[in-house]
Amino acid sequence: DQDQLTHDEL
Amino acid sequence: MNIFRFAADLLHVFAIATLLLKIWNTRSCAGISGKSQILFGLVYVTRYLDLFTTYVSLYNSVMKVFFVVTSAVAIFLIYVQYKKTYEHDLDLFRIELLLLPCAMLSLVINHEDIVLEVLWTFSTYLESVAIIPQLFMVKKSGGIEKFMIRYLIAFGSYRAIYLINWAYRYIMESHYDLIAIFAGILQTIIYILGFFLLRGVKVVVSDKEEEP
């Protein structure tokens, strides 16, 4: 699940 | 980006600014737990290593750099610049009691067994408990200054508002991250328990705070 592993939050 | 996230990030920045301005204006870090600040430093450094690998947005990168730099400044002010005012005799919580469980848990429960991801997970777990030395320090000293009340309220509400952001993102984008949500709930509970723990603690005004 690549999307989940791009942490786009702080 | 939604309004909840932005509002939460602003509160996060406000909390840090409150702390740094207090130290700067009074030239004292009395009442501040250096240990909590070290834990927050670790949180930011281990979480934002992705600055070098992943670009999300300018906002995202600037905020990450801000948190790492201000955290380093806080640690410098407490342990170097205003070392003499640091109340180490009240800052007695043993941080290994937080570091070890977070480290072990991040190795066991994470999204993927790669270094960056385990460090991100460690950072998320650690952030949820990083305020505990500060809460114990206030409890031990028996007094709390107004800046510290503002700091704790701002820091506590920041993660609570992130919970709303996660609910919103789940509904609007079907996006969710169970580790972040679990740690965010724990963090919010710890701040709420902290306020119960600290009720009855006397609100004190430091002499220096009254100077113009």
Side-chain angles (χ1 to χ4, degrees), chain A, chain B residues 1-2 4-6 8-13 16 43-44 46-51 53-57 59-68 110-114 116-121 123-124 127 158-159 161-163 165-166 168-170 173-181 183-184:
Chain A
D1 189 352
Q2 193 53 49
D3 192 42
Q4 199 172 48
L5 289 185
T6 304
H7 302 294
D8 62 351
E9 295 175 337
L10 298 162
Chain B
M1 176 63 104
N2 58 61
F4 303 112
R5 236 162 109 187
F6 186 59
D9 290 343
L10 285 186
L11 277 167
H12 195 176
V13 169
I16 291 166
V43 164
Y44 300 130
T46 51
R47 185 176 309 169
Y48 299 150
L49 285 172
D50 67 355
L51 268 170
T53 60
T54 315
Y55 179 79
V56 177
S57 66
Y59 170 84
N60 190 278
S61 299
V62 168
M63 293 294 259
K64 284 174 176 173
V65 171
F66 174 85
F67 291 134
V68 172
N110 55 49
H111 291 309
E112 199 184 334
D113 271 318
I114 52 171
L116 269 186
E117 192 54 31
V118 170
L119 287 175
W120 177 88
T121 311
S123 140
T124 303
E127 183 188 351
Y158 134 71
R159 220 44 171 173
I161 297 175
Y162 253 85
L163 293 178
N165 157 62
W166 289 323
Y168 178 86
R169 290 192 74 182
Y170 178 67
E173 306 165 25
S174 302
H175 169 98
Y176 67 95
D177 182 331
L178 283 179
I179 288 178
I181 292 170

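Chain letters run A, B, ... following the sequence lines, proteins first, then strands; residues in each count from 1. Only heavy atoms go into these numbers, but all of them, side chains included; no hydrogens, no water, no symmetry mates.
Neither the backbone nor the side chain of B:Tyr44 comes within contact range of chain A; no heavy atoms are under 4.5 Å apart. Heavy atoms of B:Tyr59 lying under 4.5 Å from chain A belong exclusively to its side chain. Looking at B:Asn60, the atoms closer than 4.5 Å to chain A (heavy atoms on both sides) sit in the backbone and in the side chain alike.
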Show, in sequence, the C-alpha distance, side-chain angles and deciding distance for B:Ile179 and B:Trp120, and conclude whether the side chain to side chain contact (heavy atoms under 4.5 Å, CB included) test is met. CA-CA 10 Å; B:Ile179 288 178; B:Trp120 177 88; 3.8 Å; yes

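At distances below 3.5 Å, not a single donor-acceptor pair connects side-chain atoms of B:Asp50 with backbone N or O atoms of B:Thr53. A donor-acceptor contact shorter than 3.5 Å is absent between the side chain of B:Tyr48 and the backbone of B:Met63.
Annotation: maximal heavy-atom pairing with chain A below 4.5 Å, among B:Met1, B:Lys64, B:Arg5, occurs at B:Arg5. The residue among B:Arg169, B:His12, B:Arg47 with the most heavy atom pairs within less than 4.5 Å of chain A is B:Arg169.
In this structure, B:Tyr162 has its ring center under 6.0 Å from that of B:Trp166.
Nearest heavy-atom pair, B:Asp177 versus B:His111, reported as atom, atom and distance to 0.1 Å: OD1-NE2, 2.7 Å.
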